[in-house]
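So the structure is just underneath, and the comments pick up after that.
Whatever order the structure lists them in is the order used to number ligands and atoms, beginning at 1.
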Amino acid sequence: MIKNNIKNIRQRILLATERCQRDPKEVIVLAVSKTKTTSDIKQAIAVGQDCFGENYIQEGVEKIQFLDNSDLTWHFIGSVQSNKSRLVAKYFDWCQSVDSIHCANRLNYQRTSFQKPLNILIQININNEQTKSGVSLEELSVLAEYVSQLPYLKLRGLMAIPALKETYHRQLTIYQKMSEAFQELRNTYASVDTLSLGMSYDMEAAIIAGSTMIRIGTAIFGSRIKE
Ligand SMILES: *Cc1c(COP(=O)(O)O)cnc(C)c1O
């Protein structure tokens with residue numbers, strides 16, 4: 001099932017990129033494996049999936065250690081509580097949910113000099129929802145400049161988790177705002193190349209707006225029983 005689901009996602013990427021004349025290779029699929037087992041992950045690896053996203057730090061670290069595979073890339077996409085940042089810095093390749101100077105400082109301090117710099121996406125709270133983490137677009141430039149100066153972090157771009165249940169057209173309008181902010185950032189920092197936007201239900205709108213990384217959980221691994 002996982003194998004077929006990944007094929008379907010690749011097909012959806014082909015169709016969406018055809019519609020906007022983008023190169024399908026510009027869109028990376030991050031398989032979001034939270035709550036799923038290492039045997040599920042192995043099924044995805046078997047069909048060439050090599051990057052995975054985890055939200056819960058302890059669970060993520062256990063899988064990274066168990067699979068012990070240097071061909072894989074691990075993205076932390078959950079909220080980085082202060083007492084968890086050390087594990088993010090130690091075990092993950094990317095952190096997609098940086099939304100404060102405090103968080104960036106901790107990760108930079110805790111990343112060791114013999115590791116590659118931790119790849120960073122700044123999380124944007126695109127709908128300005130009270131319940132969601134992330135900075136506003138107005139706060140972005142100050143945080144981006146700060147992150148870009150830290151030696152053990154590498155600024156790669158932006159991430160957002162847009163509000164659910166928008167219509168397709170409303171999605172597009174919001175995602176285009178993200179895309180504009182991303183273009184501007186890319187023009188300022190040579191290291192920036194990633195716009196992480198789009199999940200199982202909204203990947204088409206995200207791709208058409210210019211996303212370079214879609215984060216897919218349910219449509220690959222099936223629905224989650226626990227969250
Ligand atoms: C769970 C999660 C996803 C995947 O969502 P699906 O709807 O299952 O595809 C993507 N991004 C983040 C930040 C998540 O927490």
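Every atom of ligand 1 with a heavy atom of Ile216 under 4.0 Å away is listed here by number and element: 9 (O). The distance from ligand 1 to the heavy atoms of Arg215 drops below 4.0 Å at these ligand atoms: 4 (C), 9 (O), 10 (C), 11 (N), 12 (C), 13 (C). The contact set between ligand 1 and Asn55, taken as ligand atoms under 4.0 Å from a residue heavy atom, comprises 14 (C), 15 (O).
The ring pair (Phe, Tyr, Trp, His ring centres under 6.0 Å) analysis of residues 18-46, with sequence neighbours excluded, yields no pairs.
Each of Trp94, Tyr91, Phe92 was scored for a ring-ring contact (aromatic ring centres under 6.0 Å, His included) with Phe76, with one residue passing: Phe92.
Using a 4.0 Å cut-off between charged nitrogen and carboxylate oxygen, Glu54 and Lys63 count as a salt-bridge pair. Note on Arg186 versus Asp193: no salt bridge recorded, every NZ/NE/NH1/NH2 to OD/OE distance being 4.0 Å or above.
Considering each of His75, Lys34, Gln96, the one bringing a non-hydrogen atom nearest atom 15 (O) of ligand 1 is Lys34.
Residue-level proximity to ligand 1 for Thr218 is carried by backbone and side chain together, each with a heavy atom below 4.0 angstrom.
Residues passing the side-chain contact (heavy atoms from CB on, under 4.5 Å) test with Asp202 are Pro162, Gln171, Tyr175, Met199, sequence neighbours excluded.
By the 3.5 Å distance cut-off applied to N or O atoms, Ile77 is not counted among the residues near ligand 1.
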